[in-house]
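Below, each value reflects all heavy atoms present in this structure, side chains not excepted, and no hydrogens, waters or symmetry copies.
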Amino acid sequence: ASVTSDGAGRPWVLLHRLGSKPPELFTWRDGVVMRDLLSESGTSVAGLAVDRKGTVWLTVPTHNALGEWRGGRLTLHPLPTARALPIAVVAAEDGGVWVTEWDGRKLARYDGAGKWREYPVPEGEDAPIALAFARDGGVWFSTLLAYDVFRLDPASGAVTRHAVPPPALAAANSAYGACAVPTGEGAKDVVSLPASRHPRLYPSPPAVQLESYCNTGCHTWQRVEQAGQRRTDWTATVDRMIDVNGAPLSPEQRTILIQYLNATYVRGQK
């Protein structure tokens with residue numbers, strides 16, 4: 001599942017096992033393989049990091065927690081947000097440990113002494129995926145399906161957006177990968193999310209359909225609005241959502257949605 005190294009250069013490997021068996025944690029010391037079962041974690045552990053003191057940190061989605069592995073024992077530190085679904089974990093030089101909250105749509109910092117601070121991603125953005133640290137203390141992160149990267153100032157909580165050039169063939173969207181919603185005991189079913197505002201031409205039937213089927217646990221419908229700045233034809237995108245992501249659209253609904261998107265959310269149209 002994950003691999004990292006500690007300050008001594010030793011590799012650490014997290015291994016998931018088939019069935020309902022607990023994950024295994026491996027490292028190598030003086031040529032000897034050290035193996036431990038993470039029995040307290042359940043069947044799913046996601047991220048893996050080692051801090052400067054040699055403590056191993058893991059994200060444990062099944063318990064909505066950050067795991068601290070020290071002295072052969074796993075201690076769980078629950079996240080403040082319920083069902084946050086923590087995925088990535090990175091240990092910072094200042095001793096803090098950061099995780100991404102897939103469902104919580106936040107970054108979270110654990111100070112190592114029982115205190116958390118959470119930072120929401122910008123409104124309309126989806127699950128945070130990866131993060132890295134700048135030398136001045138800033139935190140860079142990416143979000144699902146966005147063509148931008150973001151920089152967080154932990155002191156103020158301010159987030160700035162930095163555009164990344166989109167693929168040249170953004171309209172021919174069929175080459176994009178699927179929305180990789182995490183699976184396992186910690187993942188929730190894809191459900192509609194509360195709408196902070198409605199699509200264009202709402203409450204016309206196509207707009208209601210867009211909000212009902214495209215405002216899900218995978219992404220908000222506002223992602224459609226952002227993606228529309230790079231689209232001239234939505235056919236390939238809608239077909240990918242049906243064929244790859246399993247969007248429950250009938251042939252008639254597919255046609256209605258494509259016509260609506262091509263009329264209202266395309267490049268150059270405000």
Side-chain angles (χ1 to χ4, degrees), residues 1-118 127-133 139 141-142 144 180-189 217:
S2 299
V3 61
T4 190
S5 61
D6 59 25
R10 291 186 295 261
W12 290 79
V13 177
L14 185 62
L15 179 68
H16 281 182
R17 302 195 296 170
L18 296 177
S20 57
K21 300 176 182 179
E24 294 175 301
L25 185 64
F26 292 88
T27 191
W28 286 258
R29 295 175 185 169
D30 300 322
V32 178
V33 178
M34 312 294 291
R35 169 182 173 272
D36 291 284
L37 285 178
L38 302 177
S39 302
E40 303 92 339
S41 70
T43 59
S44 176
V45 178
L48 175 66
V50 182
D51 67 18
R52 60 186 181 182
K53 296 180 180 179
T55 300
V56 179
W57 299 92
L58 316 101
T59 49
V60 188
T62 50
H63 292 286
N64 196 49
L66 172 67
E68 179 181 1
W69 177 261
R70 188 187 311 187
R73 181 172 179 266
L74 182 65
T75 302
L76 299 178
H77 304 283
L79 272 78
T81 296
R83 298 182 67 88
L85 198 61
I87 300 296
V89 57
V90 182
E93 286 296 320
D94 65 1
V97 182
W98 290 73
V99 301
T100 60
E101 299 182 13
W102 184 283
D103 276 358
R105 289 186 167 89
K106 300 172 185 176
L107 305 182
R109 181 186 184 275
Y110 182 71
D111 71 353
K115 294 183 179 180
W116 287 92
R117 182 176 177 183
E118 294 179 303
I129 301 176
L131 55 83
F133 303 105
V139 181
F141 66 95
S142 61
L144 181 70
V181 176
T183 58
E185 297 171 48
K188 68 177 184 181
D189 293 334

Handout entry: Separation of L107 CG from E118 CD (nearest 0.5 Å)
Key = 10.0 Å
Handout entry: Short side-chain to backbone donor-acceptor contact, T27 and P11, under 3.5 Å
Key = yes
Practice task
State, yes or no, whether a side-chain contact exists between H77 and Y110 at a heavy-atom distance under 4.5 Å.
Solution key: yes
Problem - Side chains of L74 and L58 in contact at under 4.5 Å (non-hydrogen atoms) - result: yes
Problem - Any side-chain heavy-atom pair of S5 and R10 under 4.5 Å - result: no
Handout entry: D111 and K115 ion-paired at < 4.0 Å
Key = no
Problem - Value rounded to 0.5 Å, distance of CG in L25 from CG in L15 - result: 10.0 Å
Problem - Least distance between heavy atoms, P61 atom then P86 atom - result: CG-O, 3.4 Å
Problem - Flag, side chain of W28 to backbone of W12, donor-acceptor distance under 3.5 Å - result: no
Problem - A46 to S2 - nearest heavy-atom pair and separation - result: O-OG, 2.7 Å
Problem - Interatomic spacing from CH2 in W102 to CD1 in I129 - rounded to 0.5 Å - result: 5.5 Å
Problem - Student check: side-chain heavy atoms of V97 and V89 closer than 4.5 Å - result: yes
Fill in the blank from the handout: In terms of heavy-atom contacts, P78 and W116 come closest through O-NE1, 3.1 Å
Handout entry: V90 and F133, any side-chain heavy atoms less than 4.5 Å apart
Key = yes
Practice task
Show your working on side chain to side chain contact (heavy atoms under 4.5 Å, CB included) between V45 and W69 and close with a plain yes or no.
Solution key: CA-CA 12 Å; V45 178; W69 177 261; over 6 Å; no
Problem - Main-chain N/O of T81 paired with N64 side-chain donor or acceptor, under 3.5 Å - result: yes
Practice task
Could you tell me whether the side chain of R83 and the main chain of D103 form a donor-acceptor pair under 3.5 Å?
Solution key: no
Exercise for the section: Report yes or no: does T100 contribute a side-chain atom to a donor-acceptor pair with the main-chain N or O of A88 at less than 3.5 Å? Expected result: yes
Exercise for the section: Consider only side-chain N and O atoms of T55 and E68, and report whether a donor and an acceptor are under 3.5 Å apart. Expected result: no
Practice task
Using a 4.5 Å cut-off on heavy atoms from C-beta on, say whether the side chain of R73 contacts that of T75.
Solution key: yes
Practice task
Taking the side chain as every heavy atom from C-beta outward, state whether W57 and T4 have any pair of such atoms under 4.5 Å apart.
Solution key: no
Completion exercise
Heavy-atom closest pair (S39 atom, P22 atom, distance to 0.1 Å) is CA-CB, 3.9 Å
Handout entry: Given V3, L48, V33, the one that forms side-chain contact (heavy atoms from CB on, under 4.5 Å) with V13
Key = V3
Problem - Derivation of the side chain to side chain contact (heavy atoms under 4.5 Å, CB included) call for E101 and L79 - result: CA-CA 9 Å; E101 299 182 13; L79 272 78; 3.3 Å; yes
Handout entry: Residues R109, D94: salt bridge by 4.0 Å N-O rule
Key = yes
Practice task
Grab the two heavy atoms, one from L76 and one from A65, that are nearest each other, plus how far apart they are.
Solution key: CB-CB, 4.1 Å
Practice task
Answer whether the closest heavy-atom distance between the side chains of W98 and V139 falls below 4.5 Å.
Solution key: yes
